[in-house]
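Just below is one structure, and these are the notes that go with it.
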Amino acid sequence: MSDSVSPKQQSGKSAGFRLFRPILAGATLRERLIACLGALAGITLTGLICGLVFGQGPDIPLIVAPMGASAVLLFAVPASPLAQPWPIIGGNTISAFVGVLAARFIPDPVVAIGVGVSLAIAAMSFTRCLHPPGGAAALTALIGGPAVTSAGFLFPLFPVCVNSVILVALGITFHKIARRNYPHVPVAAPVNTHGTADLPPPLRVGFKPEDVDAALVALHETLDIDRADLDRLLQQVEHHALVRSQGDLTCGEIMSRDVVTIGLDGSAERARELLIAHNIRTLPVVDRAGRLAGTLGLRELTLHGEVGIAQVMSEAQTAGPHEPVVALASSLTDGRTHAVIVVDEERRILGIITQTDLLATVTRLLSAKAFALSEPGPA
């Protein structure tokens, strides 16, 4: 009997495995487990707090069903614009209020549920708090039964608004403990460190924000990602594509090995002399064990005067000897960093790569590529 697997069977197995793969980018097993733990704590404590404060009874629910959907967004995709505090609180509360209005003024229940949900989407859109569970909150206000109907216009406040506020507060606490960025604040766009109106060097080439906007218009789709996060993601894609395509040359191959350094107990005057005598902009500082402690430049020495080196040195940008040289491009073009120190695992200095080194390397790579393209093919 043959143990071979046909291509059709293999395809079926692959499709089966794909069913259990995360459909969200960055959705690792660890992230999903954290989301489960967060939802467990958030929903349980929300119900418990409401029960302790407002009491328990059949007249009004302690927690409404849309909170389960809000918890999915809050704990599983905390970076989503739909999962931020205002969308959760405002989206659920405003939608519940719209649902109550629809139930009050539209006698036909079928028409009321359609109008209620559609108007809830419009209200959330205009108030910048679009939140998918808000549609369920509006629907709950319409078909929630006698307890919801008897609550009237109090229903959007309790339990909907109170549930939402408590859930968001618990979410903020949980994400802080888990060291997650919530409420999610997109990283600010880089600015020119020289105080001029020019764009930073890395942003003067490649795609621009208006290119991203044009692409979004061309797609005719709404994406569940902040505009600034999308721009930052594409910047990282460009960077990793460069490392992948030009990553053969390592830091250890091009670094300068005869590195001028100064000890932590050295003087500011001696540091200034070394920077000027060797015509360098970055002076590594080493401790008594010879390990890298930081870096110095004329800027630090000028700003802080004749104080101790340990008080004025900056944090060093470092790399390992086996890292691709092109991976240093983002650091050496940020307008602040003039050199990257190559160190071993114990932070002992192996070499240094300056902006000039990177420029010479890129020039050489481009020249080699141009030469290869100009060579005639085999006859």
>> Distance check, rounded to the nearest 0.5 Å: L249 atom CG versus E323 atom CD?
In response: 13.0 Å
> Between P183 and I172, which heavy-atom pair has the shortest distance, and what is it?
Replying inline: CD-CG1, 4.3 Å
>> Any heavy-atom pair between the side chains of N163 and C50 that's under 4.5 Å?
In response: yes
>> Could you measure the distance from the CD1 atom of I309 to the OG1 atom of T295? Nearest 0.5 Å is fine.
In response: 11.5 Å
>> Within this structure, what is the CG-OG1 distance for the pair L157 and T93, rounded to the nearest 0.5 Å?
In response: 7.5 Å
> If you round to the nearest 0.5 Å, how far is CG of L274 from OG1 of T261?
Replying inline: 8.5 Å
> Does atom CZ of R281 have more than 12 heavy-atom neighbours, drawn from other residues, nucleotides or ligands, at distances under 6.0 Å?
Replying inline: no
> According to a 4.5 Å side-chain heavy-atom criterion applied to Ile, Leu, Val, Met, Phe, Trp and Tyr, with indirect links allowed, do I280 and L298 form part of one hydrophobic cluster?
Replying inline: yes
> Checking R257 side chain against G252 main chain: does a donor-acceptor pair fall under 3.5 Å?
Replying inline: yes
>> So, taking the atom named OG1 in T46 and the one named CE in M67, what distance separates them when rounded to the nearest 0.5 Å?
In response: 8.5 Å
>> Quick one, T282 and T354 - any side-chain contact, counting heavy atoms below 4.5 Å?
In response: no
>> Does any part of the side chain of V162, heavy atoms only, come nearer than 4.5 Å to the side chain of I166, both counted from C-beta?
In response: yes
> Quick one: do the E253 and T250 side chains pair a donor with an acceptor below 3.5 Å?
Replying inline: yes
>> Looking at every heavy atom in both S164 and I89, which two are closest together, and how far apart are they?
In response: CB-CA, 3.8 Å
>> Please list all pairs meeting ring pair (Phe, Tyr, Trp, His ring centres under 6.0 Å) that have one or both residues in residues 96-134, counting only residues at least two apart or in different chains.
In response: F97-F153
> Where do S70 and L167 come nearest, in terms of heavy atoms and distance?
Replying inline: CB-CD2, 3.9 Å
>> Around atom CZ of R348, are there more than 12 heavy atoms from other residues, nucleotides or ligands closer than 6.0 Å?
In response: yes
> Is any side-chain heavy atom of L283 less than 4.5 Å from a side-chain heavy atom of H278?
Replying inline: no
> Should L234 and L223 be counted in the same cluster of Ile, Leu, Val, Met, Phe, Trp and Tyr side chains packed under 4.5 Å apart?
Replying inline: yes
> Is atom CD of E315 surrounded by more than 12 heavy atoms (other residues, nucleotides or ligands) closer than 6.0 Å?
Replying inline: no
> Would a 4.5 Å heavy-atom cut-off, applied to side chains only, mark E300 and M313 as touching?
Replying inline: no
>> Please evaluate residues L301 and L275 with respect to the criterion side-chain contact (heavy atoms from CB on, under 4.5 Å), reporting the C-alpha separation (whole Å), side-chain torsions for both, the decisive distance (0.1 Å), and the verdict.
In response: CA-CA 11 Å; L301 295 173; L275 286 164; 3.8 Å; yes
> Shortest non-hydrogen contact from V325 to C251?
Replying inline: CG2-N, 3.6 Å
>> If you compare all heavy atoms of A76 against all heavy atoms of A35, which two are closest, and at what distance to 0.1 Å?
In response: CA-CB, 3.6 Å
> Does one hydrophobic cluster hold both L101 and V111, with members joined at side-chain heavy-atom distances below 4.5 Å?
Replying inline: no
>> Consider side-chain contact (heavy atoms from CB on, under 4.5 Å). Of L45, V165, L74, which one does L170 pass it with?
In response: L45
> Which is it for F75 and H175 under the side-chain contact (heavy atoms from CB on, under 4.5 Å) test, yes or no, and what are the steps along the way?
Replying inline: CA-CA 8 Å; F75 295 105; H175 287 308; 4.1 Å; yes
>> Through direct or indirect side-chain contacts below 4.5 angstrom among Ile, Leu, Val, Met, Phe, Trp and Tyr, which residues connect to I341?
In response: V259, V286, L292, V343, I349, I352
> Can you tell me how far the SG atom of C129 sits from the CG atom of L82, to the nearest 0.5 Å?
Replying inline: 10.5 Å
> What are the two closest non-hydrogen atoms of G91 and S95, and how far apart are they?
Replying inline: O-OG, 2.7 Å
> Less than 4.5 Å apart, any side-chain heavy atom of N92 and any of I88?
Replying inline: yes
> Looking only at atom types and distance, does a side-chain atom of Q84 sit under 3.5 Å from a main-chain N or O of H184, one as donor and one as acceptor?
Replying inline: yes
For residues 132-143, run the donor-acceptor check on the side chains, cut-off 3.5 Å, and write out each pair with its distance to 0.1 Å, sequence neighbours left out.
| residue | atom | partner | partner atom | Å |
| --- | --- | --- | --- | --- |
| T140 | OG1 | A136 | O | 2.7 |

> Do I49 and F158 belong to the same hydrophobic cluster, where Ile, Leu, Val, Met, Phe, Trp and Tyr are linked whenever their side-chain heavy atoms lie under 4.5 Å apart, directly or via other members?
Replying inline: yes
> Within a strict 4.5 Å, meaning less than it, do heavy atoms of the L130 and P87 side chains meet?
Replying inline: no
> Is there a path from V148 to I106 through hydrophobic residues (I, L, V, M, F, W, Y) whose side chains come within less than 4.5 Å of each other?
Replying inline: no
> Can you check side-chain contact (heavy atoms from CB on, under 4.5 Å) on E31 and R180, steps first, answer last?
Replying inline: CA-CA 10 Å; E31 290 296 309; R180 280 172 155 188; 2.5 Å; yes
> Would L359 and T356 satisfy side-chain contact (heavy atoms from CB on, under 4.5 Å), going step by step from the backbone distance to the final call?
Replying inline: CA-CA 5 Å; L359 179 60; T356 305; 5.7 Å; no
>> Keeping D231 on the side-chain end and A228 on the backbone end, is there a donor-acceptor pair under 3.5 Å?
In response: no
